[in-house]
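Order of appearance sets the numbers: ligands from 1, and atoms from 1 within every ligand. Just so it is clear, the model here is predicted, and its values are computed rather than measured.
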Amino acid sequence: MSQERHEIDRRQFVGKGVRVAGAAAVLPLAASVGVSAAPPAGKRRLVLVGTGSRGSSTWGKALMETHAEQVELVGLCDINRKRAEYAREYIGLDLPVYHSGDFEKMIRDTGPDAVLVTTTDCFHSDYVVAALELGCDAISEKPLATETEQCRAILEAERRSGRRVLTTFNARHGAVSEEIKKVLMSGELGRIISAEFHEYLDVDHGASYFRRWHGKKRFSGSLLVHKASHHFDQMNWWLEAEPAEVHAFGGVEFYGGNGSFRSRRCRGCPFQERCDFYWDITQSQRYMDLYVNCESEDGYFRDGCVWDNAIDTYDAMTVGVRYGNGTLLNYSLNAYMPYEGQSIAFNGEKGRLDVRIFDRQPWEVDGAGHLRVTRIFGDTRTWTVQRGTGGHGGADEKLKDSLFAPDRSDPLGQRAGSREGVLSSLIGIAARTSIETGERVKIHDLVEIPPAWPA
Ligand SMILES: NC(=O)c1ccc[n+]([C@@H]2O[C@H](COP(=O)([O-])OP(=O)(O)OC[C@H]3O[C@@H](n4cnc5c(N)ncnc54)[C@H](O)[C@@H]3O)[C@@H](O)[C@H]2O)c1
């Protein structure tokens, strides 16, 4: 990947003066706008920054197919002009295309209500802050931020601007996720004393992170931020609790320098015959259009080598979290598993909820969740929740409804703002810091979290 070119562009972008110099972390943070309010009525004008896979599909083409009555896309922006032009063609609308250096010009030309941020993770906060300062709302993909300072800058810019930040935590909207929330809200387990969340990423999905920018911590914040931000947010939301303290262990134990041979990318690799992880990107026309045909702009290889010595994103990690209300969380993520799935549990004073989800397994219905409640000195019941249809088991559509359908109520409290985005990112940032320093990390030592938003 041409990392230097990404970083140069970031300096140019920040140097455009879109951000207010020295604003971050000076003023005390305070609650400003709520997330529980329904989205504003009327058609919303949106611009999209980051026209890669997620941006051009979920927040581009698919959004226009299902929500064109609620939203209008009015501009596209990317560091890679070729990719943005391809995205315009793919979305099928005659939209103006801007280079990332012209972000401010795009906002002035197109006058959007909100900016959809779907760039590489480490740039989300730059665009969120810039959007707010230019008078727009910001709707950001997870993770909202990858660094502590970014969390502070977002909270401060939102407070100062009076505009609103929404974080698109689609995982909250999955059928199994909602079922877990309902069991916990029913109170049948009593006070939750501890919880477990184990994420298994297989050698297909898991390996894909190490082929891409995600394998470098400075872009993704590590999988503790990029991937686990979903899981930490779900836990915060399920438990209705805030993290207080984190400690973690982790390492690069399987990918990266652990291989016995390596190349720059799969195309042209002399080890194709020997490598279990050889992946032929030329088999996908979409990936050829989106990435290979755009390499001349930024030198980014989508089929990078999983054995790259520069990979520093951990592939094995375990995290302990103590919540402010005393609940203890035991979390792990392994990205080289023979199968894909999740194992989640809640240990309450009246009983335990076990949840097991398998993805893409020959012996299992895709994404089905198996749940069991066992009451202490009592009975047990089991049931299965099937995955919905559509992107991420229907979660993407439900998320879009919650963002853009003005009459949708929010009985499970699924809308997430800056506060939820920051709290989830901070667990991952604290875990990464703990691995790097060997110390326990207190969340409030990283960022002064504003009080909960008023309902
Ligand atoms: N919620 C989900 O289920 C889900 C799923 C996939 C991806 N995502 C999120 O979507 C985001 C994009 O992921 P992706 O898979 O589409 O990655 P991608 O690599 O396909 O796309 C990233 C895009 O950002 C652009 N970009 C990089 N730096 C930029 C900069 N400084 N300014 C403007 N554009 C820049 C790249 O050129 C690229 O087009 C990530 O934050 C990821 O976490 C979320």
Exercise for the section: Tell me which part of R54 gets within contact of ligand 1: side chain, backbone, both or neither, using heavy atoms under 4.0 Å. Expected result: both

Practice task
Indicate yes or no: does E295 engage R267 in a salt bridge with an N to O separation below 4.0 Å.
Solution key: yes

Problem - ligand 1 contact on S100 by region, counting heavy-atom pairs under 4.0 Å - result: side chain

Exercise for the section: Would you mind reporting whether Y336 and N258 have side-chain heavy atoms less than 4.5 Å apart? Expected result: no

Problem - Y300 N/O to ligand 1 N/O under 3.5 Å - result: no

Exercise for the section: Look at atom 42 (C) of ligand 1 and find which of T119, L144, D121 reaches it with the closest heavy atom. Expected result: D121

Problem - Partner set under salt bridge (Lys or Arg N to Asp or Glu O under 4.0 Å) for K82, not counting sequence neighbours - result: none

Problem - For atom 36 (C) of ligand 1, the option (of T58, D78, N80, T146) bearing the nearest heavy atom - result: D78

Fill in the blank from the handout: With heavy atoms and a 4.0 Å threshold, my read on which part of H226 contacts ligand 1 is side chain

Practice task
Could you list which atoms of ligand 1 come closer than 4.0 Å to a heavy atom of Y291?
Solution key: 18 (P), 20 (O)

Practice task
For the residue pair R159 and S418, confirm or rule out a side-chain donor-acceptor distance under 3.5 Å.
Solution key: no

Exercise for the section: State whether a side-chain donor-acceptor pair under 3.5 Å links D233 with S424. Expected result: no

Problem - Under 3.5 Å side-chain donor-acceptor pair for D396 and H173 - result: no

Practice task
Would you please indicate if the ring centroids of W238 and F346 are separated by under 6.0 Å?
Solution key: yes

Exercise for the section: Answer side chain, backbone, both or neither: which part of F169 comes under 4.0 Å from ligand 1, heavy atoms only. Expected result: neither

Completion exercise
For H230, the atoms of ligand 1 under 4.0 Å from one of its heavy atoms are 1 (N), 2 (C), 3 (O)

Exercise for the section: Provide the number and element of each atom of ligand 1 under 4.0 Å from a heavy atom of W213. Expected result: 17 (O), 18 (P), 19 (O)

Handout entry: Option with minimal heavy-atom separation from atom 33 (C) of ligand 1, where the choices are Y127, Y98, F123, Y86
Key = Y127

Fill in the blank from the handout: Tested for salt bridge (charged side-chain N to carboxylate O under 4.0 Å, His left out) against E147, the lone hit among K217, R218, R432 is R432

